[in-house]
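Each remark here refers to the structure printed beneath this line.
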2 protein chains.
Amino acid sequence: MNEQINNQLKHRNIKPTAMRQLVLQVLTEQKSAISLPELENKFEKADKTTLYRTLKTFEENKLIHSIDDGTGSVKYALCREACECHPEDLHVHFLCAVCGQTYCLNDIPVPTINLPAKFQLESVNMVVKGVCSNCDK
Amino acid sequence: MNEQINNQLKHRNIKPTAMRQLVLQVLTEQKSAISLPELENKFEKADKTTLYRTLKTFEENKLIHSIDDGTGSVKYALCREACECHPEDLHVHFLCAVCGQTYCLNDIPVPTINLPAKFQLESVNMVVKGVCSNCDK
DNA sequence: TAAACTCTGCAACCCGGTTGCATCAACTTT
DNA sequence: AAAGTTGATGCAACCGGGTTGCAGAGTTTA
């Protein structure tokens, strides 16, 4: 049993059940964000609802964050350890129009926006669409 | 018959049928972006498919642009007359977490992003979520 | 051990979006 | 004007992601 996985769950106050360990394992192995339907396919036999609720639990506890890249299904990716999902933690996401993968551009923070008067900012979703370095050969 | 409406359609090379005139009329009256289900409700008797295809035609011809604000239904808003929906035409959108309305912040262009090497940019979707000036009383 | 609680799995549902197909309207061609 | 062509419209049905209700399995607590 991977101790690292359990520590991550513990760190976010998530009870480490077998399902959750497996799901976190899969998420850790991903290089790009993964959707619920994609996650389903990673398992031979796993219930959609359980995976759905697992992802929700992970998101509520800020172990992962969700990305709506406009492809029709929300994708999920691991948060960095210190992440609290506040506006200052947010980064840009990149959707490749060729391979359909969505990547966290962790090094690119979401630019600050000067909103009109009396507009309060809570969060920002910024998705850049284009061709990724893998597909631009 | 509103001549203005017909000119707009003509300007974008869209044949001015009765349905299209009506839909454009509704879109023109909106202060915020409108979704397909919302548009359906604006009409007593109108088929979802027709409205759907009308919006698609409008979008293809750059009369309107679509906004995925993460609420589950795509919203649409009029483009400005000279808009060609190129990256430099893009502006920020604002979703109010209280009233659920989505506004075009036409005066706020999407900030330029320096992508990693070999990443090509096509377009950007930037949605700021918060509380709008109407709800912040 | 019994009670309380949480997690899991199945079934069913909701809803936005989309497609196929038949019909209708408008515009061409002869 | 009749026939033919094209595109727009309307209906029905479908698809797929997301979500909820509920019962049963597993875990924790007293």
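In what follows, every chain begins at residue 1, and chains take the letters A, B, ... in the order their sequences are listed.
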Interatomic distance where CG belongs to D69(B) and C1' belongs to dG16(C) [whole Å]: 13 Å
Atom pair distance, as rounded to whole Å: CG in L51(B) and C1' in dT19(C): 16 Å
All pairs passing ring-ring contact (aromatic ring centres under 6.0 Å, His included) where residues 8-39 of chain B contributes a residue, at least two apart: none
Inter- and intrachain pairs under side-chain hydrogen bond (donor to acceptor under 3.5 Å, both in side chains), touching residues 109-123 of chain B, at least two apart: D136(A)-Q120(B)
What pairs of nitrogen or oxygen atoms, one from the protein and one from nucleotides 4-8 of chain D, lie under 3.5 Å apart?
{"unit_1": "dA8(D)", "atom_1": "OP1", "unit_2": "R20(B)", "atom_2": "NH1", "d": "3.1"}
{"unit_1": "dA8(D)", "atom_1": "OP1", "unit_2": "R20(B)", "atom_2": "NH2", "d": "3.0"}

Separation of atom CD in Q21(A) from atom C1' in dG26(D), rounded to whole Å: 14 Å
Table of protein N/O atoms under 3.5 Å from nucleotides 10-14 of chain C N/O atoms:
{"unit_1": "dC10(C)", "atom_1": "N4", "unit_2": "T49(A)", "atom_2": "OG1", "d": "3.2"}
{"unit_1": "dA11(C)", "atom_1": "N6", "unit_2": "T49(A)", "atom_2": "OG1", "d": "3.1"}

L39(A) CG - dG17(D) C1' separation (whole Å): 14 Å
Within residues 41-64 of chain B or reaching into it, pairs that qualify as ring-ring contact (aromatic ring centres under 6.0 Å, His included) - sequence neighbours excluded: none
Backbone N/O of E59(A) and side chain of R12(A): donor-acceptor pair under 3.5 Å: no
Stretch residues 30-38 of chain A: residues that reach within less than 4.0 Å of DNA chain D through a heavy atom: L36(A), P37(A)
Counterpart residues, side chain to side chain contact (heavy atoms under 4.5 Å, CB included), relative to N7(A) (two or more places apart): E3(A)
Run the side-chain donor-acceptor check on residues 82-101 of chain A: report pairs under 3.5 Å with partners two or more places apart or on a different chain.
{"unit_1": "D89(A)", "atom_1": "OD2", "unit_2": "E84(A)", "atom_2": "N", "d": "2.9"}
{"unit_1": "D89(A)", "atom_1": "OD2", "unit_2": "C85(A)", "atom_2": "N", "d": "3.1"}
{"unit_1": "D89(A)", "atom_1": "OD2", "unit_2": "H86(A)", "atom_2": "N", "d": "3.1"}
{"unit_1": "H91(A)", "atom_1": "ND1", "unit_2": "N106(A)", "atom_2": "OD1", "d": "3.4"}
{"unit_1": "H91(A)", "atom_1": "NE2", "unit_2": "H65(A)", "atom_2": "NE2", "d": "3.4"}
{"unit_1": "H91(A)", "atom_1": "NE2", "unit_2": "H93(A)", "atom_2": "NE2", "d": "3.1"}
{"unit_1": "H93(A)", "atom_1": "NE2", "unit_2": "H65(A)", "atom_2": "NE2", "d": "3.2"}
{"unit_1": "Q101(A)", "atom_1": "OE1", "unit_2": "S32(A)", "atom_2": "OG", "d": "2.6"}

For atom OH of Y52(A) and atom P of dG21(D), their distance in whole Å: 11 Å
Distance in angstrom units between I67(A) CD1 and dG17(D) P, rounded: 17 Å
Residues which pass side chain to side chain contact (heavy atoms under 4.5 Å, CB included) with P116(A), listed by chain and number, not counting sequence neighbours: F119(A), L105(B), I108(B)
Side chain to side chain contact (heavy atoms under 4.5 Å, CB included) partners for Q25(A), two or more places apart: N2(A), I5(A), E29(A)
Pairs satisfying side-chain hydrogen bond (donor to acceptor under 3.5 Å, both in side chains), at least one member in residues 33-43 of chain A, at least two apart: S35(A)-E38(A)
Under the side chain to side chain contact (heavy atoms under 4.5 Å, CB included) test, residues paired with P16(B) that sit two or more places apart: N6(B), L9(B), Q21(B)
Connected via hydrophobic side-chain network under 4.5 Å: V124(B) and I67(A): no
